[in-house]
Amino acid sequence: MSCKFVNSVLSFEGELTARNLPKLMVEASSLIGKNKPSMIDLAGVQAIDSAGVAYLDQIQIQFASKGILLLKGSTPETQAVIDTFTSLKLPLPIPVAKIGFFESIGSSVIEAYESMYKAALLASEIYYWSFVGLFNHKGQRKGSLIQQAALLGSQALPIVALLSFIIGFILSLQSAVQLRNFGANVFIADLLAVTMVREMGPMMTAIIIAGRSGSAIASEIATMQVTEEIDALKMMALSPIRYIVVPKFHAISVVMPILVAFSIMVGMIGGGIIALGYLGLSLETFLKRSIEIITLKDLVVSMGKSVVFAWVIVIIGSYFGFQVKGGAEGVGKATTASVVASIFAVIVLDAMFSLLYL
Amino acid sequence: MMKDIQPVISVNNLVAKYGEKTILDGITVDILPGEVTVILGGSGCGKTTLLKNILRLYEPFSGSVKFWGEEILQMDENEFSTVLKKVGMLFQNGALLNSISIYDNVSIPLELHTKLPPDIIDKIIRVKVNLVGLTHALHLFPSELSGGMKKRAALARAMAMDPKILFCDEPSAGLDPLTSAALDDLIKELKKQLNMTIVIVTHELASIHRIADKLIFLDAGKMLFYGTLEAAMKANIPQIDTFFRVGRF
């Protein structure tokens, strides 16, 4: 492929295709310099593709202001490709209006308000149908509660146990070094019991459940939304909330306190290894002090907040699931958003509980 | 005279299996340049499997597939990618990348396979999207398009690199008759203006009548017929006769 520029005529020879174009553009540009071609001769062009046509269009646009530029000598085949791929007849692209700074803040605020409103509406529906569902199982499949309890609860048991054990162990290990310096070895049991019961047990379990079960709820509902299963339920005169969400809501309300109790117990075992092995406490002292320091209020608040966390996880997972748009891509986004929002909500709520029940 | 024309694609004794089940049983066919070849047959007869085996999306059990006389089944990834740059594929559901706009979907092959400057790429994208009538949807995402629009956008992407061969897997499926006819007209136009070789899987009779130069009729994994539509009608093959008789409206 080559080009010539003689007597204001720019001639191309060979293949005017995407493969040759980058080199050719440099060559043509240096040949033309500051002159203006009056004609483009395509007699020597053996093949042309859409990239070649786009380049011819570009030359024509570039020199259009300096006079009319003619194409000549093209074969019928070349002319057919030019006619098919020319961009000169395209409508001009409409410039996209840029959103201003304050407009973007405003729209974000409105969007956040609308999301909160929709989430509150969904939460009220879930609470209503969950309450109704306690007495009337119409609209729910038989065995769905047990199935969901197994899915959200028992299958989460190993990961909750493993992480709680590690947390109890680390907590105890870090504290033990400091307590030993002050000769306050015996307080390890108090510290561990209070931390596991009041904070780490409920919060860590909630975070694990948010990551594991919250994402599963969001992706399940989002997939059902994308594949029109939700619409199918509506057309069968079934409430999607009653059919899908209520069994999860009931199941998680039951299994979450159990998981938290289990997490506290395993966390205490993890911490106990350090207390007994590193600080030399007797098993009796460790158990006695652990039990004595925990009040009934601590246990009630711990279990209470675990149920609140569970509700928030289900509501947020359902909200993002039902809001999904845009196929498979939307499912992924809904799942991610639900996990982030659930974990954020769990931590904020935990802080509020801590302030209220110090 | 016909013997002088070199086939663009030569399939020889192609056998494809899913596990023990034979899906394609010894398909042998030559696809000629500048023709629209339609692969047709009932549901589950192996149409899409044949297309995907020809393109190495599925690994054939045995046989040979040649593009421009070169065996592609033995090629390494680099050699085969050179072949693929000259081939476009329109998938059944469009298979657009959902996370990016239509503009970006069409730009991907141009940006990654050519060294063209951005303004030339921009012109090519706009022309291709305009050809399929989606200029108004240039910056929309696939999820914002209807089924027909997705297919047209996918066709724009398949044409991005000016392929020498265009494969289409059921381009008319799920489209209304007008959109389907418009898509067929576009395919015909591409064939006429650019001398493109086009291979289409379909069982839409209206489409077949509009665009087919040659037919490959499959039944239970075997090729019953290869030739023109007129020849197919006169071939007295019961399966083909039933297909066209029952499908007529």
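Please read these numbers as outputs of a predicted model, since none were measured by experiment. Computed over heavy atoms, backbone and side chain alike; hydrogens, waters and symmetry mates excluded. Residue numbers start from 1 in every chain, and the chains themselves are labelled A, B, ... in the order their sequence lines are given, proteins ahead of strands.
Residues B:Ile9 and B:Trp68 fail the side-chain proximity criterion, which asks for heavy atoms closer than 4.5 Å.
Of the possible polar contacts, one joining the A:Ser107 side chain to the A:Ser104 backbone as a donor-acceptor pair under 3.5 Å is found. For the pair A:Gln79 (side chain) and A:Pro76 (backbone), a donor-acceptor distance under 3.5 Å is absent. Of the possible donor and acceptor atoms, none in the side chain of B:Asp169 sits under 3.5 Å from a partner among the backbone N and O of B:Leu51. Side-chain N or O atoms of A:Asp57 include one that pairs as donor or acceptor with a backbone N or O of A:Ser87 at under 3.5 Å. Looking at B:Glu144, its side chain does come within 3.5 Å of a backbone N or O of B:Phe141 through a donor-acceptor pair. When atom types are taken as modelled, the side chain of A:Glu13 and the backbone of A:Val45 share no donor-acceptor pair closer than 3.5 angstrom.
Residues of residues 80-100 of chain B placed with any heavy atom under 4.5 Å of a heavy atom in chain A are listed by number as B:Asn98, B:Ser99. Heavy-atom neighbours of chain B within the stretch residues 115-123 of chain A, taken at a separation under 4.5 angstrom, are nonexistent. The contact list for residues 113-122 of chain B toward chain A, using heavy atoms and a distance under 4.5 Å, reads B:Thr114, B:Lys115, B:Leu116, B:Pro117, B:Asp119, B:Ile120 by residue number. Chain A is approached within less than 4.5 Å, heavy atom to heavy atom, by B:Gln193 from residues 175-193 of chain B, ordered by number.
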Test salt bridge (charged side-chain N to carboxylate O under 4.0 Å, His left out) applied to B:Glu77 and B:Arg56, step by step: CA-CA 11 Å; B:Glu77 287 300 316; B:Arg56 263 178 57 170; 3.5 Å; yes
Full working for side chain to side chain donor-acceptor pair (under 3.5 Å) between A:Ser215 and A:Thr335: CA-CA 5 Å; A:Ser215 62; A:Thr335 310; over 6 Å; no
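Here A:Ser50 is the residue among A:Pro22, A:Ala54, A:Ala18, A:Ser50 with the most heavy-atom pairs under 4.5 Å with chain B.
The CD1 atom of B:Ile31 sits 9.0 Å away from the OG1 atom of B:Thr197 when rounded to the nearest 0.5 Å. The CD1 atom of A:Ile316 sits 4.5 Å away from the OG atom of A:Ser342 when rounded to the nearest 0.5 Å. Here the CD atom belonging to B:Gln74 is positioned 10.5 Å from the NZ atom belonging to B:Lys66, to the nearest 0.5 angstrom.
Within the cation-pi definition used here (under 6.0 Å to the ring centroid, within 45° of the axis), B:Lys128 qualifies as a partner of A:Phe85.
A 6.0 Å sphere centred on CD of B:Glu79 holds more than 12 heavy atoms belonging to other residues, nucleotides or ligands. Counting non-hydrogen atoms of neighbouring residues, nucleotides and ligands closer than 6.0 angstrom, the CZ atom of A:Arg19 reaches no more than 12 such neighbours. Within 6.0 Å of NZ on B:Lys150 lie more than 12 heavy atoms contributed by other residues, nucleotides or ligands.
Ring planes of B:Tyr18 and B:Tyr58: perpendicular class, angle over 60° (limits at 30 and 60°).
Residue A:Thr17: no heavy atom, backbone or side chain, is found under 4.5 Å from chain B.
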